[in-house]
Amino acid sequence: MKFLNWLLYEVHRWLGIAVGIFMFVWFLTGLVIMYSTPTTQTPTQQLAHAEILAVEPGWLSLGDVWQHSEVQRKLASNQRAVKKESNSSQKQKQEEPAITDARLVRINGEPLWLVDDTRNQRFALSANDGALREFSEAQSLQIAQSWYKAINEHDVPKVRYLELVDSPIILRNQESLRPFHHIAVGEAGDELLISSRTGEVLHASTRLERAFFWAGNWIHLFKPLEALGYGSIRHDVQLWSSLIATIATLTGLIIGWLRWRPGFNGKRTYSEGRTQPYREFWFKWHFWTGLLGGTLALFWALSGFIDTNPGKLFSQGDYTREELNHYLDNALPEVMSNSKPIELIGENKVQDLVQLNWRRLGNEAVLLAYGRDGVRIPQIVGSSLPQFSSAALVSGVNRVQAITEMETTTLLNEYDSYYYPRHHQTKLDKPLPVLLVKLSDEAATRFYLDPQDGRLLSKFDKSRRILRWLYSALHHWDFGWLYYRPLWDIWMIIWVSCGLVLGASSLVIGWRRLKKTLAPKKHKARRPAFISELVTENVTD
């Protein structure tokens, strides 16, 4: 028993020293992340800054520009480095690409079809002549000015070109749109990142927002390792750091409960009626913040460890490009291919129309019109539909998850525990209603589908649902009454503050322990032999 007690204290002491600085930084950067503004532009934000479309006669249909640009697209595809995902996806890339999504917009005054294909590439094709467009330095400066002019045409800041960036750290999951024009705006430090392939503004930030990113997400997720050329070990560093933090927190909790003497039922306490054994300032704060907030700290450390998916316990979260292609199917509805842009404006007029978006699923097509307010309004053209049928959505799921029976299909008009907006998102980013399709397969897979535009929103099997509660629920506290603000803010600030004090006290106590351990040992001076003999004689006498 004494050995186990000794081991408990030693493990907590030395693991706490090892990860003390990490835990303090994690709590501090986590607090920053809570109030950071995402700088990657959502579709809603892009629509708010878009140019008015003002459709004109003579613009080419989607099918025309796709046909006219065939040679240019093939040349561009050969020049672009396409990321290889797997053998099966590579086989898909060898087939002729098909259109998965097409948006008609106006950029720098020119009408463009922005087309995504089954090879995960995006092209900007002119609606005037069908030619492939890419954007120069001068054009990116004009796009930057238009971005601000859409909000306030009387106060357009000066823009300045900085550089062409291939893979900016601050922009994630946009490989198909690189490289990017880096633009400085005004004198206050605002910046934009604009795709050279499509002219889309993908990142907009102020100096303060970037400071929050670097002080929050960048440090919290060990991104400096990538900047130093050690990106390949970042996942392993996260895994082992969070595991050590979990063990250190757990042992600390056990020690705290063992050493707490509340004096209930007349039981003895420490001297002077203290309920804990420490007198020194930092030790007392370490004890109380660990005892009170240690459980939350344990949940944060443990959920951070689980998020690294140790041993690949949980399945892949997102659907793959191959699954998405199966879901959509290769058929291109005739109405989507042949309808002229001037024919796409239906009776449902849209104020400040900035985008027309063709969506397809199987043999069905839906045309959506968007204004700057982000509201989508279906336009009926030929055989197009106001929204996708349940049969088309279910058939799409069958193509993804072959030979599986449906358990239930439910139209959700409210969010549930797996489909809901984050605190920085709106209902425009997470639309309702959605179709929930539950399968009767072994993994009890669920699909969330948008009947309005046919998107495959998310896919959850049993393991991903478990991960949702073990990670997101314990890390973000985004469930039940805790999800709603300001209760969420109060809850998080209280416990993150406890974590900060716990981390700071760990650093102080750990530093003192290290100094004591590493300090040179003081050896007692040995007595000369003749003095020892005299002492011995006197004792004998």
I would like to know whether L104 and Q355 meet side-chain contact (heavy atoms from CB on, under 4.5 Å); could you show each step before the answer? CA-CA 6 Å; L104 180 62; Q355 178 177 296; over 6 Å; no
Hey, mind stepping through E70 and K74 against salt bridge (Lys or Arg N to Asp or Glu O under 4.0 Å) and telling me if it holds? CA-CA 6 Å; E70 182 178 2; K74 286 183 177 180; 3.4 Å; yes
Between E209 and S36, does a side chain to side chain donor-acceptor pair (under 3.5 Å) hold up when you go through it step by step? CA-CA 7 Å; E209 287 169 343; S36 296; over 6 Å; no
Kindly indicate, with the supporting measurements, whether the criterion side-chain contact (heavy atoms from CB on, under 4.5 Å) is fulfilled by F447 and Y319. CA-CA 10 Å; F447 287 88; Y319 45 82; over 6 Å; no
Before giving the answer on salt bridge (Lys or Arg N to Asp or Glu O under 4.0 Å), spell out for R119 and D117 the whole-Å C-alpha distance, their side-chain angles and the decisive distance to 0.1 Å. CA-CA 5 Å; R119 295 181 180 178; D117 71 9; 5.6 Å; no
Starting from the C-alpha separation in whole Å, work towards a yes-or-no answer on salt bridge (Lys or Arg N to Asp or Glu O under 4.0 Å) for R372 and E51. CA-CA 9 Å; R372 278 184 174 160; E51 296 180 40; over 6 Å; no
What verdict does the ring pair (Phe, Tyr, Trp, His ring centres under 6.0 Å) test give for H476 and Y471, after you've listed the backbone C-alpha separation in whole Å, the side-chain angles of each residue and the deciding distance to 0.1 Å? CA-CA 8 Å; H476 301 132; Y471 168 63; 5.3 Å; yes
Given the rule in the side-chain contact (heavy atoms from CB on, under 4.5 Å) test, do T445 and Q401 qualify, once you have shown the distances and angles that lead to the verdict? CA-CA 9 Å; T445 309; Q401 207 87 356; 3.7 Å; yes
Under the side-chain contact (heavy atoms from CB on, under 4.5 Å) rule, what do H182 and L193 come out as? Steps first, then yes or no, please. CA-CA 5 Å; H182 190 189; L193 286 172; 3.9 Å; yes
Run R178 and S167 through side chain to side chain donor-acceptor pair (under 3.5 Å) and show every step you take. CA-CA 7 Å; R178 64 187 185 188; S167 299; 3.1 Å; yes
For T206 and D190, what are the C-alpha separation, side-chain angles and deciding distance, and is it a side chain to side chain donor-acceptor pair (under 3.5 Å)? CA-CA 4 Å; T206 64; D190 294 3; 5.1 Å; no
Determine, step by step, whether S384 and Q379 satisfy the side chain to side chain donor-acceptor pair (under 3.5 Å) criterion, reporting the C-alpha distance in whole Å, the side-chain angles of both residues, the deciding distance to 0.1 Å, and the verdict. CA-CA 8 Å; S384 70; Q379 306 291 301; over 6 Å; no
Run D101 and R360 through salt bridge (Lys or Arg N to Asp or Glu O under 4.0 Å) and show every step you take. CA-CA 7 Å; D101 180 77; R360 70 173 180 86; over 6 Å; no
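T308 contributes a side-chain N or O that, together with a main-chain N or O of F305, makes up a donor-acceptor pair within less than 3.5 Å. A donor-acceptor pair under 3.5 Å is absent between the side-chain atoms of R399 and the main chain of N325, judged by distance alone. Of the possible polar contacts, one joining the E343 side chain to the K340 backbone as a donor-acceptor pair under 3.5 Å is found. Judged by distance alone, with hydrogens and angles left aside, the side-chain atoms of R133 form no donor-acceptor pair with the main-chain N or O of T198 at under 3.5 Å. Remark: the backbone N or O of G130 is not paired with any side-chain donor or acceptor of H68 at under 3.5 angstrom. The main-chain N or O of E334 is never found under 3.5 Å from a side-chain atom of S337 such that the two would form a donor-acceptor pair. Under the 3.5 Å distance criterion, the side-chain polar atoms of Q139 are matched with a main-chain donor or acceptor of S136. A donor-acceptor pair under 3.5 Å is formed between the side chain of E323 and the backbone N or O of T320. Counting only distance, with no hydrogens or angles, the side chain of S140 and the backbone of E137 share a donor-acceptor pair below 3.5 Å. A donor-acceptor contact shorter than 3.5 Å is absent between the side chain of T40 and the backbone of H203.
Using a 3.5 Å distance cut-off with no hydrogens or angles, the side chains of R210 and S205 do pair a donor with an acceptor. Between N357 and R103, the side chains place no donor N or O within less than 3.5 Å of an acceptor N or O (distance only, hydrogens not considered). Side-chain N/O atoms of S339 and S61 include no donor and acceptor closer than 3.5 Å. Checking S77 against Q121 by side-chain atom types alone, a donor-acceptor pair falls below 3.5 Å.
A cation-pi arrangement is present between R73 and W66, with the terminal nitrogen or guanidinium carbon under 6.0 Å from the aromatic centre and inside a 45° cone about the axis.
Under the rule for a ring pair (Phe, Tyr, Trp, His ring centres under 6.0 Å), the partners of W488 that lie at least two apart in sequence or sit in another chain are H423. Applying the ring pair (Phe, Tyr, Trp, His ring centres under 6.0 Å) rule to F27 yields the partners W300; only residues at least two apart in sequence or on another chain are considered.
For the pair P224/W218, a side-chain contact is recorded, criterion being any heavy-atom separation below 4.5 Å from C-beta on. Residues V496 and W26 are not in side-chain contact: their nearest non-hydrogen atoms beyond the backbone lie 4.5 Å or more apart. Using a 4.5 Å heavy-atom threshold, the side chains of Y148 and V185 count as touching. Between Y327 and L449, some side-chain heavy-atom pair lies under the 4.5 Å cut-off. Contact check for R197 versus F123: no side-chain heavy atoms found under the 4.5 Å cut-off. Residues W59 and I342 have side chains not in contact (no heavy-atom distance under 4.5 Å, counting atoms from C-beta outward). No side-chain heavy atom of H220 sits under 4.5 Å from any side-chain heavy atom of N217. You'll find the side chain of L368 reaches within 4.5 Å of the side chain of D453, heavy atoms only.
The 12-atom threshold is not exceeded at CD1 of I21, counting heavy atoms of other residues, nucleotides or ligands nearer than 6.0 Å. Heavy atoms of other residues, nucleotides or ligands lying less than 6.0 angstrom from CG of D129 number more than 12. Within 6.0 Å of CD on E56 lie more than 12 heavy atoms contributed by other residues, nucleotides or ligands. The number of heavy-atom neighbours closer than 6.0 Å to OH of Y230, taken from other residues, nucleotides and ligands shown, is 12 or below. With a 6.0 Å radius and a threshold of 12 heavy atoms from other residues, nucleotides or ligands, K149 has its NZ atom at or below the threshold. Residue Q425 qualifies as enclosed at atom CD: its count of foreign heavy atoms under 6.0 Å is above 12.
Interatomic distance, L412 CG to Y418 OH, rounded to the nearest 0.5 Å: 13.0 Å. To the nearest 0.5 Å, atom OG1 of residue T39 and atom CG of residue L171 are 7.5 Å apart.
Tested against R468, the residues D461, D416, D307, D478 include a single salt bridge (charged side-chain N to carboxylate O under 4.0 Å, His left out) partner, D478.
A distance of 6.0 Å or more separates the ring centres of F135 and H181. Checked against a 6.0 Å centroid threshold, the rings of F479 and Y483 do not count as neighbours. For H235 and F222, the distance between ring centers is not under 6.0 angstrom.
Relative orientation of the Y448 and Y419 rings is parallel, given thresholds of 30° and 60° on the angle between their planes.
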